[in-house]
Structure formats: C-alpha cells, structure tokens
Amino acid sequence: MIDIRLIRKDPDLVRENIKKKFQFEKLPLVDEVIELDAKYREAKLRSDNLRSERNTISKQIGTLMREGKREEAEKIKSQIGKMAKQLEESERLEKEYFEKVQEIMLQIPNIIDDTVPIGKDDSENVEVERFGEPVVPDFEIPYHVDIMERLDGIDLDSSRKTSGSGFYYLKGNIARLHSAVLSYARDFMIDKGFTYYIPPFMIRGNVVSGVMSFTEMENMMYKIEGEDLYLIGTSEHSMIGKFIDTILDEESLPQTLTSYSPCFRKEVGAHGIEERGVYRIHQFEKQEMVVVCKPEDSKAWFDKLWQYAVEFFRSLDIPVRVLECCSGDLADLKVKSVDVEAWSPRQQKYFEVGSCSNLGDAQARRLGIRIKGKDGNYFAHTLNNTVVAPPRMLIAFLENNLNKDGTIRIPEPLRIYMGGKEFIG
RNA sequence: GGAGAAGUACCCAAGCAGGUCGAAGGGGACGGUUUGCUAAACCGUUAGGUCAGGUAACUGGCGCAAGAGUUCGAAUCUCUUCUUCUCCGCCA
C-alpha cells in the first residue's frame with residue numbers, strides 16, 4: 001500500500017507507475033481515490049468539529065451538574081439532539097468514504113524501483129546473471145520421483161492413501177537428506193549473522209488478512225475447523241506478523257531473521273497440484289530470510305539476500321541463475337523482486353527454487369511497522385527471501401548430483417549432516 | 001477444558017458509586033546546581049501514537065488491552081474477544 005499523500009501530491013507519478021505495470025484498467029482509480037479522499041477529509045473535518053462542539057457542551061453540563069444547577073443542565077441536554085443526528089450522519093459518511101479509499105488504495109500498486117525492467121508478463125522477465133555451468137550429462141537423468149524411488153526414499157502410494165495427492169512420505173536417506181539441507185541452511189544463515197527463529201505454524205485470521213489479500217487467503221490458506229487459526233503458507237506470515245503495530249528503535253535495526261517452518265498451501269488456482277512428484281505440493285518445509293530495516297538500507301539488503309541464496313545453492317554444486325521480475329509480473333506490493341532458479345539437467349532449463357522481494361514500505365505501512373526516529377516515526381522497509389525449500393529443492397539437488405551409476409554425491413558441506421557419507425545409493 | 005484475579009503511559013502504580021482525568025504518585029531517562037571525579041542531595045524536563053485543518057505558530061478529533069454498546073458525557077457501567085497470572089484437570 002502506498003501513501004495516499006503521494007497520490008495527493010503527485011498523481012502523475014502514480015499513474016506512470018500503473019502504466020509501467022500494464023494495469024491500464026486501474027488508471028481511473030487514481031482520480032476516483034482523489035475524489036473519495038477529498039470527500040473523506042471533508043466528512044472527517046465536519047465530524048471532528050461536531051465532536052469538538054459536543055465535548056464542549058458535555059463539559060458545560062458537567063460543570064452545571066457539579067454546581068447543582070440541574071435544570072439548566074437538562075435544558076442544554078434537550079438541545080443536543082439535533083447535533084447528535086448530524087454527527088451520526090457525518091460519522092457514517094466519514095466511515096463509508098474511509099473504507100472506500102482503503103479499498104482502492106489496496107489495489108494501487110507500489111511504486112516500483114527504477115531498475116525494474118519493463119515488461120507485460122513473466123515471458124519478459126530478465127536474466128540477471130548465471131552462476132555455475134549448466135551441465136547436461138552424457139547419461140539420462142530420470143524424473144526426480146524415479147530417482148527417489150530407486151533409492152527407496154519416497155512413498156507416494158501411502159501418502160495418497162492417507163492424505164491424497166500433493167503429499168508425500170520421504171524415507172531413509174532421502175528424508176535424511178531433506179533434513180540435512182534444512183540444517184545446513186539454518187547454520188549457513190546463522191553464520192551470516194541472522195537470528196534463527198522457529199515461529200508459530202498457525203496464525204489468527206486478523207494476522208492472515210494483514211499479510212495477504214483476500215484472494216490469496218482463499219487460494220492458499222488452510223483453516224483450522226472451529227478455531228480462528230490458519231496453517232501458515234510460509235514462515236514469513238508469522239515473522240512479519242510479529243511486527244504488526246510495533247514501533248522499533250533505530251538501534252534495533254536491521255532485524256535480520258532466518259526462520260524455519262513447514263508451509264501449507266492449498267494451491268488452488270492457476271497452477272494446481274497437477275503433476276506427480278514433489279514440485280508443487282500442499283506441504284513442504286522452508287528456511288526463510290526476513291529483513292526489517294531502515295528505508296535507505298533496503299536496496300543493499302535486497303542484493304545481499306539473493307546473493308546469499310545463490311551462494312547457498314552454489315555450495316551444493318547446483319548451477320543457478322537469477323531472473324528479475326519485470327514490471328508487469330511484479331506483485332502489487334513489491335518494489336523489486338528476483339527469482340532464484342536452479343538448473344535442471346533433465347529438463348535442460350532453470351526452474352524456480354526461491355523468490356527474493358523488496359517490499360519497500362508498502363507492507364510496513366499496511367501493518368503499522370514503524371521506526372522511532374529523532375524527527376518523528378517513519379515506516380520500515382521489509383524484505384524476504386527463500387534460503388531453501390525442500391523437497392522442491394531436492395529435485396535440483398538430485399538431478400545435479402546424480403552419478404552415472406545411480407548414486408548421489410553428497411557435497412562437502414552437507415556431509416556432517418549426513419553422518420559423513422560422501423554419497424548415497 | 002473448569003474456577004478465580006487482572007490488563008492504565010518506558011517500568012511500577014492510583015483512579016473504577018460516570019463529568020476540571022490525557023490521566024495522581026513513584027521509579028527510570030534526560031538537563032541543571034553542588035563537586036577534582038563519582039555517588040548522594042536538590043531543582044527542572046520528559047507522556048506515547050495517529051488522523052485532519054493551517055504557510056506556520058498552533059488548533060481539533062481519536063486514544064486508559066481490542067471491538068461494540070449505554071449516556072449529553074466512559075479509564076470508570078454493560079457485552080464480546082484477546083492476553084497475563086493463580087488453582088484444578090489433561091497432555092507430548
């Protein structure tokens with residue numbers, strides 16, 4: 001959510017930004033919200049004045065009552081009726097306009113960074129950089145489920161029986177590998193100076209509606225029956241939720257956090273659970289990074305965050321590339337975003353394994369995350385990025401570390417988490 | 001899950017038979033006096049947040065866990081929710 005004062009001051013900037021995102025249908029919203037905002041402020045001023053008047057009269061009544069002049073007080077009281085009606089009407093309008101303004105403000109996209117490439121949709125995303133040589137081996141790489149099954153590491157028949165599609169049993173060395181990757185990711189981020197968190201895996205409805213839009217909520221979140229609780233879709237929900245309506249000291253920034261959680265997603269919508277395997281599933285685990293910082297620091301943090309993810313994958317010998325979201329593909333809340341994609345030797349293309357976002361102050365404004373400054377408070381900037389999310393990440397891992405003989409090489413950093421094994425299979 | 005008690009500003013805490021209460025009193029923090037320095041003592045300052053109006057000084061609204069209600073008027077009364085503490089029950 002952007003500052004409505006920006007729209008008052010520089011509506012053309014906001015319009016240009018909407019054009020850059022190819023959301024031409026939203027252009028009329030700017031004038032609409034300017035008009036509604038004017039009406040809101042008019043109604044608020046009227047209400048404020050009426051309330052002020054009422055407060056004065058109430059005080060007079062109080063004084064009279066204390067002096068025992070009951071009759072005079074009653075006289076004034078009887079006159080107050082008209083005003084009460086006016087106030088009621090004015091407050092109704094104030095509320096109505098306020099809500100309309102809010103509704104539109106939620107639809108107006110955040111101002112994107114100057115460096116964001118202009119493009120209509122994901123086909124126009126831009127490759128920023130490649131890391132590592134995308135190798136195509138001279139033997140056939142099986143589908144990841146087949147690799148896992150050959151290693152006796154996955155049981156999809158059982159999970160279909162117990163839970164349906166989109167779930168899995170991992171077992172044996174593959175399950176261990178899964179945990180090893182997460183443990184390594186945790187320690188990797190701790191070494192970068194991040195504070196490790198295990199957050200709540202369920203959050204209340206008001207937190208959910210704070211951190212995402214209604215449609216996202218419908219398409220992603222599992223609700224606990226009979227409770228005002230939802231299973232989190234990512235630990236970012238809990239981690240950002242923890243900052244709602246707080247004022248942070250400047251000295252406490254930047255907050256650099258790395259959180260682990262299982263993630264639960266309904267995956268209703270464009271890409272449902274359509275494919276056998278662990279690429280798109282209802283349940284996975286993820287190590288995440290979250291940064292809350294001063295506005296002037298967010299650009300630098302953005303670059304650091306995606307570079308950490310790249311470094312992590314490279315340390316496991318997985319080639320990656322960084323793909324920048326073009327203006328049209330960027331979610332409305334984001335200032336800038338890149339996807340980290342891992343190389344799939346089987347498909348001979350890159351696929352998404354993480355997403356790094358700078359939300360500027362939009363998320364903070366919406367949630368009331370402020371910084372106590374010397375000259376008043378201001379909104380923080382928030383960023384988040386995936387460190388790693390297995391089991392999807394295991395697809396890249398298995399394909400890139402598969403030997404011709406069917407064994408899987410364990411890269412050096414993982415070995416201490418795998419009982420010293422140099423390979424499995 | 002059951003039964004009680006409570007949530008007031010940075011912290012502790014008064015107010016709760018509705019009206020000079022935006023809120024006593026401490027403590028802390030900050031500034032000053034004294035002092036070679038520190039401590040102590042004394043004097044003083046510090047109410048957060050947010051919205052609106054105004055070029056500005058400033059003015060006004062909201063605000064005593066959150067929300068709703070009663071009332072001319074609510075920290076104070078009613079209801080709902082949340083949180084904390086104590087006891088009982090249950091449980092990794």
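Within every chain, numbering begins at 1; the chains are lettered A, B, ... in the order of the sequence lines, protein sequences first and strands thereafter.
Comparing A/G62 and A/D48 by the nucleotide of RNA chain B that holds the closest heavy atom to each, the one mapping nearer the 5' end is A/G62. The residue among A/S52 and A/R204 whose nearest nucleotide of RNA chain B lies closer to the 5′ end is A/S52.
B/A13 sits 12 Å from B/A23 when the C1' atoms are compared, rounded to a whole Å. Taking atom P in both B/G32 and B/C85, the straight-line distance is 42 Å, to the nearest Å. If you take atom P in B/A65 and the same atom in B/A3, they sit 24 Å apart, rounded to whole Å. If you take atom P in B/U81 and the same atom in B/G19, they sit 29 Å apart, rounded to whole Å. Using C1' as the reference atom, B/A75 and B/G4 are 23 Å apart when rounded to the nearest Å. Taking the P atom of each, B/C16 and B/A24 are spaced 15 Å apart, rounded to whole Å. Nucleotides B/A17 and B/G1 place their P atoms 33 Å apart, quoted to the nearest Å. When the P atom is used for both B/U86 and B/U71, the distance is 41 Å, rounded to whole Å.
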Walk me through whether A/T386 and A/V353 qualify under side chain to side chain contact (heavy atoms under 4.5 Å, CB included). CA-CA 8 Å; A/T386 317; A/V353 288; over 6 Å; no

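In this structure, the side chains of A/I408 and A/I147 come closer than 4.5 Å at one or more pairs of heavy atoms.
Within 4.0 Å (heavy atoms only), A/R365 reaches no atom of the nucleic acid at all. Residue A/I61 is classed as a base contact, given a heavy-atom separation below 4.0 Å to a base. Nucleic acid contact class of A/N49 (heavy atoms, under 4.0 Å, all strands): none. Residue A/Y40 is in sugar-phosphate contact alone, with no base atom involved, counting any heavy-atom pair closer than 4.0 Å across all strands shown. Contact annotation for A/N55: backbone-only contact, meaning every heavy-atom pair under 4.0 Å involves sugar-phosphate atoms and none involves a base. Backbone-only contact: A/R5 has heavy atoms under 4.0 Å from sugar-phosphate atoms and none from a base.
Salt bridge annotation for A/K44-A/D37: absent, with no cationic side-chain nitrogen under 4.0 angstrom from a carboxylate oxygen. Salt bridge absent: A/E218 and A/K266 never bring a charged side-chain N and a carboxylate O closer than 4.0 Å. Ion pairing between A/R92 and A/E89 holds under the 4.0 Å rule for side-chain N and carboxylate O. Look at A/R54 and A/E91 and you find no salt bridge, because none of the NZ, NE, NH1 or NH2 atoms lies under 4.0 Å from a carboxylate O.
B/G44 is paired with B/C30 under the criterion used here, namely a Watson-Crick or G-U wobble arrangement in which both key atom distances are under 3.5 Å. For B/U38, there is no paired base (Watson-Crick or G-U wobble, both distances below 3.5 Å). In this structure B/C90 sits in no base pair that meets the Watson-Crick or G-U test at under 3.5 Å. Base pairing of B/U83: its partner is B/A6, meeting the Watson-Crick or G-U wobble criterion (both donor-acceptor distances under 3.5 Å). Across all strands shown, B/G18 forms no Watson-Crick or G-U wobble pair with both distances under 3.5 Å. With both pairing distances under 3.5 Å, B/U71 is matched to nothing as a Watson-Crick or G-U wobble pair.
Read 5' to 3', the first and last nucleotides of RNA chain B with an atom closer than 4.0 Å to a heavy atom of chain A are B/G19 to B/U83.
Less than 6.0 angstrom separates the ring centroid of A/F312 from the ring centroid of A/Y184.
With hydrogens and angles disregarded, no donor-acceptor distance shorter than 3.5 Å links the side chain of A/D332 to the backbone of A/P109.
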